[in-house]
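This report refers to the structure that appears directly beneath it.
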2 protein chains.
Amino acid sequence: MPASLARESEIDVLVVGAGPAGLMCANGLAKAGVNIRIIDQRPAKVAAGQADGIQPRTLEVLQSYGLAERLLREGNHMHMAAFYNPSPKGGIVRTGRAPDITAPTARYPFEVTLHQGAIEAIFLDSLASMGVTVGRPIIPTSIELDQNPVTLKDPQSHPIKAVLKHLDAPEGQSDTEVVYAKYLVGADGAHSWVRKSFGITMDGEQTDYIWGVVDMVPDTDLPDIRNKCAIHSDNGSCMVIPREGDMIRLYIQLADADVLDPRTRRVDKARVTPQRLLDVAKKSFKPFRIETSGEIDWWTLYIIGQRVASKFSVHERVFIAGDACHTHSPKAGQGMNASMNDAHNLIWKLTQVLRGWADMSLLKTYEFERRKYAQDLIAFDKKFSALFSGKPRTDDNEDGVSHEEFVEAFQTFGAFTSGIGIHYPPSAIVDPTHQAAARNLVVGQRMLPHVFVRAADAHPVELHDLLPADARFKLLVFTGAPGAAQLARVRALAEDMARPGGALGAHARALDVVAVSAGTKDEVDYTDVPAVFRPHWSRVLVDDTDVVGRTGGGGYEAYGIGLAGALVVVRPDGYVGLVVPFEHHREVDRYFASFMRAP
Amino acid sequence: MPASLARESEIDVLVVGAGPAGLMCANGLAKAGVNIRIIDQRPAKVAAGQADGIQPRTLEVLQSYGLAERLLREGNHMHMAAFYNPSPKGGIVRTGRAPDITAPTARYPFEVTLHQGAIEAIFLDSLASMGVTVGRPIIPTSIELDQNPVTLKDPQSHPIKAVLKHLDAPEGQSDTEVVYAKYLVGADGAHSWVRKSFGITMDGEQTDYIWGVVDMVPDTDLPDIRNKCAIHSDNGSCMVIPREGDMIRLYIQLADADVLDPRTRRVDKARVTPQRLLDVAKKSFKPFRIETSGEIDWWTLYIIGQRVASKFSVHERVFIAGDACHTHSPKAGQGMNASMNDAHNLIWKLTQVLRGWADMSLLKTYEFERRKYAQDLIAFDKKFSALFSGKPRTDDNEDGVSHEEFVEAFQTFGAFTSGIGIHYPPSAIVDPTHQAAARNLVVGQRMLPHVFVRAADAHPVELHDLLPADARFKLLVFTGAPGAAQLARVRALAEDMARPGGALGAHARALDVVAVSAGTKDEVDYTDVPAVFRPHWSRVLVDDTDVVGRTGGGGYEAYGIGLAGALVVVRPDGYVGLVVPFEHHREVDRYFASFMRAP
């Protein structure tokens, strides 16, 4: 059938692929009211296995979309890691335990593990509640981008023409449709068709490490079976990841001979069975028992590939995200997290451009911020994989990896593996010039969570809960010490910022405000704060404990803000974009003017 | 139509009345698998207004049924109280703020306010998920209790015959049915038909205090409008209760002339309008403004009545609960709480008798425990109402209530108004003989909440979350110090308690076990605890902080338990029934033998 006879439609954004990156992207855009389509080639969502670890920062991000609660309830929380190494008596022995996550500022200081199907279900239900379903099984068969500069310059043009094929179209009905989109997100996995069709190359290489993965309910006497275990034995390495319910995942290091076709030197899944993988694990576990108390839920084999795409965007109209632009080892639990955070970085930028709030130049920061991060991730992954796949140090093997070496790497990389340490470099939206105004709110890093109490009713609130991912910037006005002199400064500040050319005058639609006083719940009245700094009684906070002293207090100190106050601009994705002292408050106007469009 | 032609059925428990007491009772019994019916004379649930304050202890109780989460999400949390008194300059002035709740051990140290319809909806949805709906509009027209001692002695007999009338039966269909029930709960309010039909009298009297109540969204400059405010002015007393969303409730003291019919001396609602009530409030508020920013959501008038029923049960077959057995002033926020807690006390006792676990004598403890509590409640209410309705102390009125006097009463009664201080006296199910074994776990009071971490995975857990209201007793085995000597004692204890005649041997079906070690998360393995003390890996706890040191630790000290360990029996309703040191562990067997039936 000629394409000219196919159904045609216009949309804002076409998302190709309904894995973690695609679902995150579609959900965030739909929540912001963007007109989207999301398609996937698979006829149904993932049922078991696959990626399954959600890191502390990703939990914070999901919370900002209102999606964390269910994940926290359904998933397993992994707090502790245990390290097992060869015992002088033979077999393995526990050499220590340590926190799984070393990110002291994390709001959720643990990883959540849950099978990918359950995680995807959270997104699918959220999408369904907004009337969006994943179109499947559907593949794009061609994508054309109109490169006319005039077209590309108009943020509301539809320069993308995608031909989609419905794989399950009934006999006699057209299986083809044409979609014209303003933007396209290729979240179609490691073998991304979108990436390939635009000729974007992957830089990097494949390692020689081959691992088997088994999901099951264990029958074991290992006392750390509910902790993350890094087991280095003379019979190979093994990792235990506790999962929802009583399930665990085992990562099992394999020898080439176990899995490679001797002729082609390629992995041959037919050479292995899950029972054989478990037999390898049993040797590493000795003297502890490991059996399955039931069926093997899921299993696979993989070779670690460590690659980053050469670019993440074509003319800021076609973007790639997730595994389509970076692949790495699953054991550090990075894959799904990096994918979701790619989408998180892109969602608000696309939304603001589509709403006509921001200039198209904002979209350039996606590749700038996320490609740098992906490269750091690969560099980290190389070190970690080498350590983990390496032989343990023993008397016979003095070049091996020692327990101390491994634990040190584990802890050093804590901020990285938790996602908390992500630091975007300076750009139009990351301006660290006045960093000193809030010493510990590192510009380019995510806003530090902290519990304050509301001035109006002494209700403790996590500041993060006032920073939802609603595509708006947040202006945090730290009003400083209570008292008449400082209040006068705050009033003057409010007046100037609310003038027609001021940030609150010019960009009110894109800017939400929270005020935070350094006073106590006994002395501060929410009515003290100028009206432009308190859109609602619930948005005035004090830096004090709750009435029983269980939580809150010390926020100014934790943030490194003095009693003279400060202004903090938090990006819609929760990253600190700007901090300034009161006297430089017009820097806020300048910050927004550099990439926002006047209403 | 003669009753003999009516539909007939047999059930376990008939609950009359679907207010807070009846819904709580029906939900708890249905959750336990008891075959119930619940009926109400009203055609639909309450839509607005009515009772609306849930206290800290009631929150803990609702949590034990899995119902707190939604209430906490939908309701307003009231943390702070503010006190306003006459100013020397005229009008009122704030004389101080204080925590609304003075119950340092409360898991939820605040009150939740939400309109009664929303609270009832939580129960109705829970019941619906179990296939139970409230039959309405239905009234009982006669209830007969077969007083034959042989019948009454058989816990499975159906001595109650209730004739029910369906008020909305379609023309031509029978409006009558007959229900034979094993037990009946009359939760049919202050004018209880069940109470009257068994000739149970109410003891007590009516006061002269008349109050108006208005629910609305305020427009005001009072800085404490989101706190509970006790306003004493020369123009009368007023109380502000913040509610869900931006709503508040005002309690407004009225003069007799405002509301009484001068001839009959009875309250005449026709003499008052909500606008007139608001006009009275405006005078008390001066110099602050108070208007409504919209409609009046709900309003009423009431005179405080303070009465307790002379008995709460007829032959332990018919029980009355809630307003049917006690009425008091709404302002201390007691009514709905006392009602729900009556039901909570009764649910597990009925369940255990119906399951054949406990002897019928257990049912006598319902009146014993709850009537005593109701009497204490009335005594408290009298004092508090007098203080609150009294004139403020001023230079002209030296006999008035001073701010200090009021705040002191407010704080002193904190443990009472929070519900946390409820203390059931000694009985078969409250045995304080060995109190010294756990000094701070007061036998007869509710188990103290505390955060421990799980030995298997260092996950922090609130011990209350392991004490669900599932009709089972909980045996908490505080295993004491880690180390070989104490472990040997624990093993010997386990062996003896699991012998056929021991508590764990004889009453395993009615007894759930949790083990709590005094060791740290680094040194304790969950596999160290004998298998009979750990039905699952998740049920071994250690008294330590979580991995980031934010919560947990100090539990043994908080509970007053030494490193030699102790055994604690928590009743199914969360109250401490028994504490004993290891050497008296056979007291546990004796405790259960005194009211439990051998399987």
Side-chain angles (χ1 to χ4, degrees), chain A residues 56 69 73 76-82 94 96-110 218 220-228 242 245-246 288 451 453-461 520-529 536-538 540 546-551, chain B residues 56 69 73 76-82 94 96-110 218 220-228 242 245-246 288 451 453-461 520-529 536-538 540 546-551:
Chain A
E69 203 176 296
R73 192 172 58 240
N76 174 69
H77 299 193
M78 192 159 63
H79 297 267
M80 187 76 105
R94 184 172 63 215
R97 283 175 177 161
D100 174 44
I101 292 294
T102 43
T105 70
R107 177 174 186 181
Y108 311 99
F110 47 83
T220 182
D221 54 0
L222 187 82
D224 287 285
I225 198 69
R226 298 305 305 174
N227 292 323
K228 180 193 276 184
D246 291 337
F288 298 99
V451 174
V453 304
R454 291 199 297 228
D457 65 356
H459 183 64
V461 283
T520 69
K521 57 188 172 296
D522 285 331
E523 64 189 336
V524 175
D525 287 340
Y526 80 95
T527 45
D528 293 343
V529 171
H536 189 255
W537 59 259
S538 62
V540 180
D546 68 348
V547 297
V548 283
R550 284 190 202 158
T551 184
Chain B
E69 203 177 299
R73 193 172 57 239
N76 174 69
H77 300 191
M78 193 160 62
H79 298 267
M80 187 76 105
R94 184 173 63 214
R97 283 174 177 161
D100 174 45
I101 292 294
T102 43
T105 70
R107 178 174 184 181
Y108 311 99
F110 48 83
T220 182
D221 55 358
L222 188 82
D224 287 286
I225 198 68
R226 298 305 306 173
N227 292 323
K228 179 194 277 184
D246 290 338
F288 298 99
V451 175
V453 305
R454 291 200 296 229
D457 64 358
H459 184 63
V461 283
T520 68
K521 57 188 171 297
D522 284 332
E523 64 190 336
V524 174
D525 288 339
Y526 80 96
T527 45
D528 294 342
V529 171
H536 189 254
W537 59 260
S538 61
V540 179
D546 68 347
V547 296
V548 282
R550 285 190 202 158
T551 185

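Any value given below was found using the heavy atoms of this structure, including those in side chains, with hydrogens, waters and symmetry copies removed. Chain letters run A, B, ... following the sequence lines, proteins first, then strands; residues in each count from 1.
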Inset, instruction - Grab the two heavy atoms, one from P109(A) and one from V547(B), that are nearest each other, plus how far apart they are. - result: O-CG2, 4.4 Å
Inset, instruction - May I ask you to name which of H459(B), H536(B), H79(B) has the most heavy-atom pairs under 4.5 Å with chain A? - result: H79(B)
Inset, instruction - Could you tell me whether D522(B) and R94(A) have a side-chain N and a carboxylate O separated by less than 4.0 Å? - result: no
Legend entry - Closest-packed option against chain A by number of heavy-atom pairs under 4.5 Å, given V548(B), T527(B), N227(B), D528(B): N227(B)
Legend entry - Greatest number of heavy atom pairs closer than 4.5 Å to chain B - which of V524(A), L222(A), I225(A), D221(A): V524(A)
Legend entry - Best-contacting candidate, V453(B), D246(B), D224(B), against chain A by heavy atom pairs under 4.5 angstrom: D246(B)
Inset, instruction - Report the option among G96(B), P460(B), A98(B), A82(B) that has the most heavy-atom pairs separated by less than 4.5 Å from atoms of chain A. - result: P460(B)
Inset, instruction - Answer whether the closest heavy-atom distance between the side chains of R454(B) and M80(A) falls below 4.5 Å. - result: no
Inset, instruction - Please look at V540(A) and chain B and tell me whether the side chain, the backbone, both or neither of the residue comes under 4.5 angstrom of a heavy atom of that chain. - result: neither
Inset, instruction - Could you tell me whether the side chain of R97(A) and the main chain of K521(B) form a donor-acceptor pair under 3.5 Å? - result: yes
Legend entry - Under 4.5 Å from any heavy atom of chain B - which part of P104(A): backbone
Legend entry - SB check K228(A) D457(B) (cutoff 4.0 Å): no
